[in-house]
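Count residues from 1 along the sequence. Whatever order the structure lists ligands and atoms in, that order sets their numbers, starting from 1.
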Amino acid sequence: MAIQLYNTLTRKKETFVPLEEGKVKMYVCGPTVYNYIHIGNARPAIVYDTVRRYFEYRGYDVKYVSNFTDVDDKLIRAAQSLGEDVPTIADRFINAYFEDVQALGCKKADVHPRVMENMNIIIDFISQLVEKGYAYESEGDVYFRTRSFDEYGKLSHQSIDELRVGARIEPGNKKQDDLDFALWKAAKPGEIYWESPWGPGRPGWHIECSAMAKKYLGDTIDIHAGGQDLTFPHHENEIAQSEALTGKTFANYWMHNGYININNEKMSKSLGNFVLVHDIIKQHNPQVVRFFMLSVHYRNPINYSEELLESSKAAFERLMTSYQNLKHRREASTNLTHDNQEWLDKIVALREQFIEAMDDDFNTALAISVLFDLAKLANYYLLEKNTAVEVIDAFLAEFNELFHVLGLTLKQDEMLDEEIDALIEKRNQARKERNFQLADQIRDTLKEMNIILEDTPQGTRWKRG
Ligand SMILES: [Zn+2]
């Protein structure tokens with residue numbers, strides 16, 4: 001079966017068909033780096049990292065781009081109140097972001113483009129929109145002429161006339177129409193600025209994603225993703241800018257993850273209930289935080305509370321205990337066999353169920369329930385005093401493989417030498433069968449366990465890093 005995913009654009013689950021065989025081009029809107037990220041920002045990082053890992057698991061070569069908004073009003077205000085400059089603040093919180101999301105098991109994107117480093121292409125993008133008549137300059141600002149893009153509203157499923165209700169031009173407004181949005185903002189005195197054909201200023205927020213997605217992934221991409229709150233106006237505006245410029249479809253699939261509530265309340269500045277990742281990962285195992293997030297389908301809302309996190313921790317530990325028990329039995333394992341094939345078949349059947357769950361719009365909640373079935377099966381195997389090395393190794397390998405797909409690691413304890421040897425054997429077999437995807441995946445799994453492989457003419461050697 002092929003991977004199915006829910007496309008916000010069509011409001012349907014669709015079969016994923018890549019632009020180019022075996023490849024996925026994916027763009028995920030990243031954070032504005034003026035503070036530490038809160039738990040709401042961590043959700044898209046974890047969700048789309050898992051989507052990426054799953055595509056890789058299924059043999060796709062994924063190019064993953066996620067931006068940093070490193071100049072905007074919030075950064076300028078933060079700089080003013082702290083008496084620092086904008087780039088210093090951006091650098092600090094980009095580093096903090098990497099620390100936080102790496103702790104949560106997220107891999108780095110292939111490219112993390114920054115606005116400041118892409119000013120030329122952003123200005124060029126805006127200039128072309130002006131030339132084509134989709135945008136206009138007004139007293140040093142540049143605005144997108146929203147009504148000039150016929151399909152405006154197609155992502156958020158609203159007609160432009162609905163949007164016009166109540167819209168009127170405020171006095172002092174530089175827009176020709178209230179629906180127009182800023183592509184470029186003239187600098188106010190004392191603000192950071194870049195020179196442009198329209199005078200000194202900086203880009204509006206939406207344009208950066210259109211310009212950087214085009215630069216790093218091309219005119220049309222497979223998947224564009226972000227939080228549900230970005231659907232309108234951010235993603236709607238990105239579509240208008242990009243499709244007006246290129247005349248091509250910007251993204252074939254749009255994915256949006258649900259909100260996070262804190263103790264059943266919306267997270268908001270005024271309620272003072274912001275939970276920073278920086279703080280929770282000091283109190284809780286970051287793996288448990290990731291596990292908690294993945295235990296809910298990405299499109300559903302999540303309620304975050306200390307109690308729910310604690311119950312996730314208990315659940316996570318049940319899986320760990322099962323894995324640990326297998327490892328203990330591994331030490332006392334034998335070559336005796338007892339219904340081995342039957343057990344091996346059951347393990348394979350569970351892997352197939354896991355794949356089926358993930359193929360169905362990345363249903364991690366269901367995939368995690370399969371992990372519990374695997375643990376149950378393993379517990380039962382051990383309870384029956386079975387000791388076949390072949391079966392125990394298959395259980396251990398399955399745990400490692402499925403945890404890895406979800407970005408979870410079992411590295412709390414060291415891998416046994418025999419387990420490493422078994423994985424290397426599996427990798428060599430995969431290479432012989434020219435299944436390089438699986439081979440690379442095993443290498444990555446080992447790398448995460450701090451095992452370094454060295455391929456020599458005499459065979460593969462390994463050492464602990
Ligand atoms: Zn964006």
Side-chain angles (χ1 to χ4, degrees), residues 7-9 24-35 37-38 40-49 51-52 63-75 90 93-94 97 101 106 109-119 121-126 129 135 142 144 146 149 151-156 181-185 202-246 248-259 298:
N7 188 353
T8 310
L9 195 62
V24 182
K25 292 181 189 179
M26 192 167 169
Y27 186 96
V28 180
C29 292
T32 303
V33 284
Y34 71 109
N35 199 348
I37 58 164
H38 55 67
N41 306 125
R43 193 173 189 194
I46 292 170
V47 163
Y48 302 116
D49 176 72
V51 167
R52 171 200 199 172
K63 184 156 186 200
Y64 189 97
V65 177
S66 186
N67 64 307
F68 286 122
T69 301
D70 60 358
V71 55
D72 86 330
D73 290 339
K74 287 176 193 152
L75 271 142
F93 290 113
I94 284 173
Y97 175 84
V101 301
C106 302
D110 293 295
V111 194
H112 280 285
R114 295 176 59 165
V115 177
M116 286 192 207
E117 291 164 357
N118 284 286
M119 211 48 84
I121 59 144
I122 293 171
I123 291 172
D124 185 53
F125 200 111
I126 300 172
L129 285 174
V142 180
F144 187 86
T146 301
F149 182 67
E151 293 178 272
Y152 195 81
K154 68 177 172 180
L155 181 69
S156 52
F181 58 89
L183 301 175
W184 187 261
K185 295 177 176 181
R202 65 192 157 84
W205 172 36
H206 316 296
I207 193 70
E208 68 186 67
C209 291
S210 284
M212 299 196 290
K214 184 177 192 299
K215 174 176 172 184
Y216 293 101
L217 296 170
D219 289 353
T220 302
I221 64 180
D222 291 296
I223 299 172
H224 194 118
Q228 185 185 309
D229 52 327
L230 298 183
T231 313
F232 184 83
H234 184 56
H235 288 160
E236 199 72 73
N237 291 352
E238 284 188 36
I239 291 176
Q241 296 160 162
S242 294
E243 298 192 355
L245 184 80
T246 65
K248 297 176 197 159
T249 300
F250 179 35
N252 284 335
Y253 304 91
W254 287 84
M255 291 180 73
H256 292 99
N257 61 278
Y259 293 112
Y298 76 91

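Scored by the side chain to side chain donor-acceptor pair (under 3.5 Å) test, Arg43 finds no partners at all (sequence neighbours excluded).
By the criterion of a separation under 2.8 Å, the protein N/O/S atoms near the Zn ion (ligand 1) amount to Cys29 SG, Cys209 SG, His234 NE2, Glu238 OE2.
Side-chain contact between Ser242 and Lys214 is absent, with no heavy-atom pair separated by less than 4.5 Å.
A pairwise comparison of heavy atoms in Leu183 and Gln241 identifies CD2-OE1, 3.3 Å as the closest pair.
Tyr48 places a side-chain N or O within donor-acceptor distance of the main-chain N or O of Gly226, the cut-off being under 3.5 Å.
Neither side chain, Asp110 nor Tyr216, offers a donor N or O lying under 3.5 Å from an acceptor on the other.
If you run side-chain hydrogen bond (donor to acceptor under 3.5 Å, both in side chains) between His256 and each of Thr8, Asp229, Asn7, only Thr8 comes through.
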